[in-house]
Amino acid sequence: MAKIHENTDTFWVFIPARSGSKLIKNKNIIKFNGKPLMAHSIISGKSLKLGKVVVSSDSKNYLKIASKFGADLLHLRPKQFSKDKTSDLEVFK
């Protein structure tokens, strides 16, 4: 079986979690099976053991929740990068 990569700090799981959803308010922190929705992404990312799990959000509350569920890096992004049409690439940069 081939190894994915020796250095586990090379790959990062990037989770954008915007608080301004219009259709379902605060959908990223609504509980699903007893945990906030974004917690499932964090837990899945951690289970890959590929490197760091990064959560980027415009909400300090979201980042506090992300920290509770084991996110390695937290990024509080400006509101200008948290709009409906903001791409994941813009957030990542």
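By convention here, the first residue in the shown sequence is residue 1.
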Atom pair CG/CD1 of Leu74 and Ile15 - distance to nearest 0.5 Å: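 Going from the CG atom of Leu74 to the CD1 atom of Ile15 covers 10.5 Å.
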
Straight-line distance of Arg77 CZ to Ser57 OG, nearest 0.5 Å: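 Arg77 atom CZ to Ser57 atom OG measures 6.0 Å (nearest 0.5 Å).
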
Ala17 to Val55 - nearest heavy-atom pair and separation: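 Distance-wise, the nearest heavy atoms are CB-CG1, 4.4 Å.
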
Minimum heavy-atom distance between Ile30 and Lys25, given as atom pair plus value: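 Result for this residue pair: CD1-O, 3.8 Å.
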
Name the atoms and distances for all side-chain donor-acceptor pairs under 3.5 Å in residues 35-43, with sequence neighbours left out.
residue, atom, partner, partner atom, Å
His40, NE2, Phe32, O, 2.7

Side chain to side chain donor-acceptor pair (under 3.5 Å) pairs, two or more places apart, involving residues 62-74: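 Found Asn26-Tyr62, Lys46-Asp72.
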
Test item: Leu63 and Leu76 side chains (from C-beta on) under 4.5 Å apart, heavy atoms: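 Side chain of Leu63 against side chain of Leu76, heavy atoms only: contact under 4.5 Å found.
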
Any donor-acceptor pair under 3.5 Å from Ser19 side chain to Asp58 backbone: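 Not at all, since once roles are kept as given, no pair shorter than 3.5 Å links the two residues.
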
From CA spacing to verdict: side-chain contact (heavy atoms from CB on, under 4.5 Å), Phe11, Leu48: CA-CA 10 Å; Phe11 297 99; Leu48 295 172; over 6 Å; no

